[in-house]
J.: 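Pasting in a structure now, in structure tokens, and then I'll have a few things to ask.
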2 protein chains.
Amino acid sequence: MQIIRTVLKKPAGNWREARRESARANVLTAAWELVREDGLAALSLRELARRAGITTPTLYAYFESKNAILDAMFAQAAQSFVELKASLPATDDPQEDLLTEARAFVTFCVSDVPRYQLLFQHSVPGFTPSPESYELAVSALAVTRELLARNGVRDPRHLDIWTAITVGLVGQQISNDPDGDRWTRLVEDVTRMFLAQYAGRGSTHSKGES
Amino acid sequence: MQIIRTVLKKPAGNWREARRESARANVLTAAWELVREDGLAALSLRELARRAGITTPTLYAYFESKNAILDAMFAQAAQSFVELKASLPATDDPQEDLLTEARAFVTFCVSDVPRYQLLFQHSVPGFTPSPESYELAVSALAVTRELLARNGVRDPRHLDIWTAITVGLVGQQISNDPDGDRWTRLVEDVTRMFLAQYAGRGSTHSKGES
DNA sequence: GTCTATAGGCGGATAGAC
DNA sequence: GTCTATCCGCCTATAGAC
């Protein structure tokens, strides 16, 4: 009986749900295109609906508010970030791995500025991501922590320095040379600088300076 | 002669102008208070007029548009930045001077986030600063260039690395620990790291490292 | 110069027909 | 679910009285 109900009812039941999810995905795709063209601040429900080929009230059939749309976008961005981290190859050279990660991070950020701003700059006035999405983004930092540990960098302060350096390159690139590579091309240099100072002086290097 | 002209002509002729300038200054003061409390995006002429104790049309007696107000604010911010640079003491220790400048810069930025965003992040949608104000801000970079040169750092790429590092600390501090000092306290460490990598390969390096 | 009043537009969100 | 029509608020900016 339950099986029959499942067979008979669930496919039909999931069919509508699948269509609904597909429609939501369409809206989000249009939203990303919009913010990539006009910036995060230009995201309005009118324009979003127009681009998605629907009307504003229909938008409310899929998302309960504008913040819900932003939250879904944040979740997608966080998911992409996690997948980026997971896709990084691990070799037997920790320094090379860290450099690979740095390059990947900088490219990830500058290739989609609104995504970077939403994910890392918390720059949308009335919006705070849902805790689970936020946790997803934060947990991706564990990969970096591990990568640094394999380079002998374990002091949390040095992790903070590393993140500051990488987002510093990204920020300068975005603000002052949005179409060039004036700062992104420096990622090898800063990685070498960082490793030269903090890498691998024994496995339990503490904060005393050398 | 110039003095006489100043004494005789300027007072009468400029009296109204001085009052006008004073009124403009009052508006700008209110504007800074507003954006410090509610963020750059919250700057509206209604609320600004309310805080300044006047009405919106009166605002237009002093500034021809909202962008004109933002431009005046940008000019003030750039001026403050120039004065900060000019106020830096020069000792006979280039490394110490660079550290002093870094500390001053980071404090300057995090102590007034909207000012930092207006000046360095170009983050107000329809606004571009006037060329002269922008030049003022850019020219202040010459002080940093000179400071780095005295440390034997002359490669423009290394200047870019230096700016990326400092704004990286600022950005992380603002985005992830707005009320603390998790990143600002790292300014000594990153300065040492930078100098250890790039200092003193030039001609005018004076002191050895401490 | 300063006000009241308002134009004209866009913002998010909702009611109710179909 | 999707639409038309609409509400209400805030925005920049202006007209016109005083």
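Sequence lines set the chain letters: A, B, ... in the order given, protein chains first and strands last, and positions in each chain run from 1.
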J.: Tell me the interatomic distance from B:Arg50, atom CZ, to D:dC11, atom C1', rounded to whole angstroms.
T.: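 So the two atoms are 16 Å apart, to the nearest Å.
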J.: Just the rounded figure in Å: distance from C1' of C:dC3 to CD1 of B:Ile54.
T.: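 Rounding to the nearest Å, CD1 of B:Ile54 and C1' of C:dC3 are 11 Å apart.
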J.: Quick check for you: among D:dT12, C:dA5, C:dA13, whose closest atom lies nearest to any side-chain atom of B:Lys66?
T.: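 Closest of the options to the side chain of B:Lys66: D:dT12.
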J.: Is a side-chain N or O of A:Thr58 found less than 3.5 angstrom from the main chain of A:Ile54, in a donor-acceptor match?
T.: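 Answer holds: no.
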J.: Assign B:Leu43 to base, sugar-phosphate, or nothing according to its heavy-atom contacts below 4.0 angstrom with the strands shown.
T.: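 Counting heavy atoms under 4.0 Å across all strands, the contact made by B:Leu43 is with sugar-phosphate only.
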J.: Specify the residue among A:Arg46 and A:Thr58 whose closest nucleotide of DNA chain D lies further upstream toward the 5′ end.
T.: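 Its nearest nucleotide being more 5', the pick is A:Thr58.
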J.: Reckon B:Leu59 touches a base, only the sugar-phosphate, or nothing at all at heavy-atom distances under 4.0 Å?
T.: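 Nothing: the residue B:Leu59, judged by heavy atoms under 4.0 Å, touches no strand.
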J.: If only side-chain N and O atoms of A:Ser44 are considered, is one of them under 4.0 Å from the OP1 or OP2 phosphate oxygen of C:dC10?
T.: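 False: A:Ser44 side-chain N/O out of range (4.0 Å or more) of C:dC10 OP1/OP2.
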J.: B:Asn67 CG to D:dT12 C1': how many Å, rounded?
T.: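 B:Asn67 atom CG is separated from D:dT12 atom C1' by 11 Å.
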J.: What is the nucleic acid contact for B:Tyr62, judged by heavy atoms within less than 4.0 Å: base, sugar-phosphate only, or nothing?
T.: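 Sugar-phosphate: the residue B:Tyr62, judged by heavy atoms under 4.0 Å, touches backbone atoms but no base.
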J.: Does A:Leu148 offer a backbone N or O that forms a donor-acceptor pair with the side chain of A:Trp162 under 3.5 Å?
T.: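 Here the side-chain-to-backbone pair does not exist.
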J.: Within the side chain of B:Gln121, is there an N or O that forms a donor-acceptor pair under 3.5 Å with the backbone of B:Tyr116?
T.: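 No, because the side chain of B:Gln121 does not come within donor-acceptor range (under 3.5 Å) of the backbone of B:Tyr116.
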J.: From the set C:dC10, D:dA5, D:dG1, return the single nucleotide nearest to any side-chain atom of A:Ala61.
T.: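 Shortest atom-to-atom distance from the side chain points to D:dG1.
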J.: Round to a whole Å and report the spacing from CZ of B:Arg20 to C1' of C:dT2.
T.: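 Distance, rounded to whole Å: 14 Å.
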J.: Measure centre to centre between the rings of B:Phe120 and B:Phe81, then say whether the value is under 6.0 Å.
T.: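 Yes, the ring of B:Phe120 comes within the 6.0 Å limit of the ring of B:Phe81, centre to centre.
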J.: Reading DNA chain C from 5' onward, which residue's closest nucleotide shows up sooner: A:Glu47 or B:Arg19?
T.: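 With A:Glu47 and B:Arg19 compared, the 5'-side residue is B:Arg19.
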J.: Could you please name the option among C:dA13, C:dC3, D:dC3 that lies closest to any side-chain atom of B:Thr55?
T.: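 The listed nucleotide nearest to B:Thr55's side chain is C:dC3.
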J.: Between the side chains of B:Thr166 and B:Thr163, is a donor N or O closer than 3.5 angstrom to an acceptor N or O?
T.: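 The answer is no; no qualifying pair exists.
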J.: From the options D:dT4, D:dT12, C:dG12, select the nucleotide whose nearest atom is closest to the side chain of B:Tyr60.
T.: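 Nearest nucleotide to the side chain: D:dT12.
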